[in-house]
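For reference, the structure is listed below as structure tokens.
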Amino acid sequence: MPSFEEARDIILASVHPLGEEMVPLLEAVGRVVKRDVVAPWDLPQFDNSAMDGFAVRAANCSKVPAELSVTGFLPAGGDGPAALETGCAVRIMTGAPIPPGCNAVVPVEETEDMGDRVVIRHKVLPRQHIRHQGSDVAAGAPIMEAGTTVRPAEIGMLAAMGQALVPVHRKVRVAILSTGDELIELGEAPSPGRVINSNALSLAAAVREAGAEPVLLGIARDDIESHREKIHQGFRFDALITSAGVSAGDRDLVREVLAELGAQEQFWKIAMKPGGPTAFALMDGRPVFSLPGNPVSTMITFELLVKPALLKMMGYRKVVRPFVKGILAEDAHKKEGKTHFIRVTVKKRHGRYVAYCAGDQHTAILSTMTRCDALAALPSEATFVAAGSEVDLVLLRDVELVPETTS
């Protein structure tokens, strides 16, 4: 039985980034660039003014104050400028092209504007306040390397380079299958012995939050034929996640059907809690994640094991949420031999994270997942972790951690 870390390593070694697709510019936000994108032209494409003011020849302003005739006006987006005559200046706006013969711009606040004439009051240096062609990016230079995650800044650069379509890693299409005769779909009236199929929806939300595309397959009933039909459907997608039916009970049929259909099991059971009865298989190179059925186990195993794999398949470089150090606020007891992940709320006290138990740690207590900010990892070899001990935390969400004022 692999440890939590070994199981995650097996999964990540088994999956690989998907191929390329071209998407419209705004749809690329949050996606990963598949290949280098090269600048088709210089940026800026022409010398232009960085200030509102006057375009001049610096040599005409060697002695200040210098008085020059104003021979034209250049707004941003205006027609191409005429060459500057000796002893003259052109009124210019930010972004307007620099007229031939000019090599400096004087900000308006450093001048005395008299309409058809302007007085330059300060020394003028060549090249001042000019954004020169190619000074940001030269034509042919890479503007985005493969593996870059597209943010608003990247969108701006791509737009400036006229890139209406962006080559990105394809989204993972993830089939989600729940199993069990006790399940009913959302919208049906619950009755004794029946529960709503909430796992499928929480998994679909988690898949979507990770940037992948969930596909709900419905419910496989507790018979071989139903499992066979639904799992076979799931093999058409990039990944398959099943929920429940992976333990050792009479109606736990997932592993049996996967083996019958040709999936190669990589492991079954992990030395972790919750999530011990988790299995991982490959079907023609596609990952199959068989998660436990208790709602908390389902969400925690997705976060720690499935999500990193999906991110890697979509080209992300940082796929594992890093641990941060925190202090356990209360004593914790556990059995030796498994890494325990307990749900905690987190506060910041005296500059450190402090973790408090989020409530009953039973894996059917769904409300603890809505309250917890993090998972605290208790080492496999430990049986008791005392209050005040340092532990590793997996932060699940960004929370405002305000230092407490009380001692």
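It should be emphasised that the depicted structure is a prediction, and the values quoted were computed from it without experimental measurement.
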State, with a plain yes or no, whether a side-chain heavy atom of Asn197 is found less than 4.5 Å away from one of Ile184. no

Should Val32 and Met314 be marked as a side-chain contact (heavy atoms from CB on, under 4.5 Å) after you check the CA-CA gap, both sets of side-chain angles, and the distance that decides it? CA-CA 7 Å; Val32 178; Met314 293 185 290; 5.7 Å; no

Which atoms form the tightest heavy-atom contact between Asn60 and Ala66, and what is the distance? O-CB, 3.9 Å

For His362, does the NE2 atom have more than 12 heavy-atom neighbours from other residues, nucleotides or ligands under 6.0 Å away? no

Can you tell me how far apart NZ (Lys312) and CD1 (Ile11) are? Round to the nearest 0.5 Å. 11.5 Å

Give me the atom names and distance for the closest heavy-atom approach of Ala28 to Val168. CB-CG1, 4.4 Å

Just checking, is any N or O donor in the side chain of Asn199 or Thr298 under 3.5 Å from an acceptor N or O on the other one? yes

With side-chain hydrogen bond (donor to acceptor under 3.5 Å, both in side chains) as the criterion, how do Ser178 and Ser243 come out once you've worked through the C-alpha distance, each side chain's angles and the decisive distance to 0.1 Å? CA-CA 5 Å; Ser178 296; Ser243 173; 4.7 Å; no

Would you say CD of Glu381 has more than 12 non-hydrogen atoms from neighbouring residues, nucleotides or ligands within 6.0 angstrom? yes

Before giving the answer on salt bridge (Lys or Arg N to Asp or Glu O under 4.0 Å), spell out for Glu20 and Arg35 the whole-Å C-alpha distance, their side-chain angles and the decisive distance to 0.1 Å. CA-CA 9 Å; Glu20 177 183 309; Arg35 53 186 165 85; 2.9 Å; yes

Are there over 12 heavy-atom neighbours, none belonging to Lys273, within less than 6.0 Å of that residue's NZ? no

Donor-acceptor pair between Thr278 and Thr301 side chains, under 3.5 angstrom: no

Just checking, is any N or O donor in the side chain of Asp42 or Gln133 under 3.5 Å from an acceptor N or O on the other one? yes

Counting only heavy atoms from other residues, nucleotides and ligands, does the tally under 6.0 Å from NZ of Lys269 exceed 12? no

Just wondering, more than 12 heavy atoms not from Arg127 lying within 6.0 Å of its CZ? no

For a quick test of your reading: what N or O donor-acceptor pairs under 3.5 Å do the side chains of residues 303-311 make, sequence neighbours left out?
unit_1 : atom_1 : unit_2 : atom_2 : d
Glu303 : OE2    : Arg321 : NE     : 2.8
Glu303 : OE2    : Arg321 : NH2    : 3.2

Which label fits His333 and Phe384: parallel for a plane angle under 30°, tilted from 30 to 60°, or perpendicular past 60°? tilted

Quick check: are there more than 12 heavy atoms from other residues, nucleotides or ligands sitting under 6.0 Å from CZ of Arg208? no

Strictly under 6.0 Å, is that where the ring centroids of Phe289 and Phe302 end up? no

For Tyr353 and Lys325 the tightest heavy-atom approach is CD1-O, 3.5 Å

Evaluate side-chain contact (heavy atoms from CB on, under 4.5 Å) for Val319 paired with Leu12, printing each intermediate quantity in order. CA-CA 9 Å; Val319 301; Leu12 289 176; 4.3 Å; yes

Asp392 vs Val394 side-chain heavy atoms within contact, under 4.5 Å: no

Would you check if Val172 and Val174 make a side-chain contact, meaning some heavy-atom pair closer than 4.5 Å? yes

Above 12 or not: heavy atoms from other molecules or residues under 6.0 Å from CD of Glu21? yes

Counting heavy atoms not belonging to His122, are there more than 12 under 6.0 Å from its NE2? yes

I need the minimum non-hydrogen distance between Val391 and Ala377, along with the two atoms involved. CB-O, 4.1 Å

